[in-house]
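Below is one structure, written out as structure tokens; the observations come after it.
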Amino acid sequence: MENRNDIVSRINEKYSGMSKGHKAIAAYILDHYDQAVFMTAAKLGEALSISESTVVRFASGLGYGGYPQMQEALAAWVKGKLNAVDRMDVRYAGSTQSEILTSVLSSDIEKIRHTIDHLDPAAFVTAVDLILNARTVYVLGIRSCEPLAGFLSFYLNMIRGNVVQLKTTSVSEVFEQMIRINEEDCIVGISFPRYSMRTLKAMEFANDRNAKVVTVTDSVHSPMNLYSSCNLLARSDTVSIVDSLVAPLSVINALVVALCLKRPGQVKENLEALEGAWNNYQVYLNDEINFINEDSMLLHPFGDQDRDPDL
């Protein structure tokens, strides 16, 4: 049964009598509830180019004791909103499998285009320099963002040393792993709605220790931006049970390429050392196929590992 006293019902009930500024706040909350729920009154006002006091009066006008009470009501409404499966049913009802494929891929293409249009090139350049010049680079991504963090950490380790991927199930463990972070270091925090409080707290801790903070997130309104030195924005929303990570992964790919081009000699040296180790210890002999070097494949034909080398 619908709750007639929830925040959306209050907004709808009072909307017609609102001032122009209050209507703008109402529209923003309804259209961007997943972002507004994390925003302070000042941040919400900044996003709409209105004063913080106007936002506070809006909350009072809805019958709340203050902005914090309105924010709690918004959080409760967001929690009770349609779940991901419900949203997916509405979006793809009646679609064929082929239409679903086309729709999802087209949506991902649109997200990459949106990211191209809205990502700040200066922030990208800054992120490359911060990562390259840091003593230690910490990388953190929780839940669905963990594969992105793992991908970035893997390639950063090939480009430079002292890379730490923070893997944890609690905020306290995050602090334990980054207890030595200081102004010589950099942390890359990756988070998209629903935003990770563990990631946010880690970035706050790093900022308090004067470390450089880079965020990969979806919007200028993301709470991840509160403590970051530069923000790499990539669109990620989707109507499904999973988040679309295509655009964020493309941004991370671009970071890796830019970093490689900054230190081509070191990257080549590291890769040659790895190739030597792989060959010496036959790392890829039994379980992977690499067609990049065909001569190596001919020297180590599959199925012949146990053959007498003199035959």
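What you see is a predicted model; the values in this text were computed from it and never measured.
By the 6.0 Å contact criterion, OH on Tyr28 is enclosed, its count of non-hydrogen atoms from other residues, nucleotides or ligands being greater than 12. More than 12 heavy-atom neighbours from other residues, nucleotides or ligands sit within 6.0 angstrom of NZ on Lys23.
A donor-acceptor pair under 3.5 Å is formed between the side chain of Arg263 and the backbone N or O of Leu132. Looking at Ser153, its side chain does come within 3.5 Å of a backbone N or O of Ala149 through a donor-acceptor pair. With Asn12 contributing its side chain and Val8 its backbone, the two residues share a donor-acceptor pair below 3.5 Å. Under a 3.5 Å cut-off, the side chain of Lys212 and the backbone N or O of Glu183 do form a donor-acceptor pair. Not a single donor-acceptor pair under 3.5 Å links the side chain of Arg135 to the backbone N or O of Ile181.
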What's the verdict on side-chain hydrogen bond (donor to acceptor under 3.5 Å, both in side chains) for Thr217 and Ser222, showing C-alpha distance, side-chain angles and the deciding distance?
-> CA-CA 7 Å; Thr217 191; Ser222 167; 2.8 Å; yes
Check the pair Ile179 / Arg209 against side-chain contact (heavy atoms from CB on, under 4.5 Å), numbers first and verdict last.
-> CA-CA 9 Å; Ile179 191 64; Arg209 300 291 291 272; 4.3 Å; yes
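A heavy-atom distance below 4.5 Å is not found between the side chains of Asn182 and Asn210. Annotation: side chain of Leu200 is not in contact with side chain of Glu204 (no heavy-atom distance under 4.5 Å).
Annotation: side-chain contact (heavy atoms from CB on, under 4.5 Å) contacts of Arg57 (sequence neighbours excluded): His22, Ser53, Thr54. Under the rule for a side-chain contact (heavy atoms from CB on, under 4.5 Å), the partners of Val164 that lie at least two apart in sequence or sit in another chain are Thr136, Tyr138, Leu166. Taking Arg180 as the reference, nothing meets the side chain to side chain donor-acceptor pair (under 3.5 Å) condition, with sequence neighbours excluded. In this structure, the side-chain contact (heavy atoms from CB on, under 4.5 Å) partners of Glu110, at least two apart in sequence or on a different chain, are His114, Arg235.
Rounding to the nearest 0.5 Å gives a distance of 13.5 Å between CD of Glu173 and NZ of Lys167. To the nearest 0.5 Å, atom NZ of residue Lys262 and atom CD1 of residue Ile159 are 12.5 Å apart.
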What side-chain donor-acceptor pairs closer than 3.5 Å can you find for residues 227-234, not counting sequence neighbours?
unit_1: Ser228; atom_1: OG; unit_2: Asn225; atom_2: O; d: 3.3
unit_1: Ser228; atom_1: OG; unit_2: Asn231; atom_2: OD1; d: 2.1
unit_1: Ser229; atom_1: OG; unit_2: Val213; atom_2: N; d: 3.0
unit_1: Ser229; atom_1: OG; unit_2: Val213; atom_2: O; d: 3.4

Show me the donor-acceptor pairs, under 3.5 Å and distance only, between side chains in residues 58-69 and residues at least two apart or in other chains.
unit_1: Ser60; atom_1: OG; unit_2: Val56; atom_2: O; d: 3.3
unit_1: Tyr67; atom_1: OH; unit_2: Met39; atom_2: O; d: 2.7
unit_1: Gln69; atom_1: OE1; unit_2: Gly66; atom_2: N; d: 3.0

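Using a 4.0 Å cut-off between a side-chain N of Lys or Arg and a carboxylate O of Asp or Glu, Glu13 and Arg10 do not qualify as a salt bridge.
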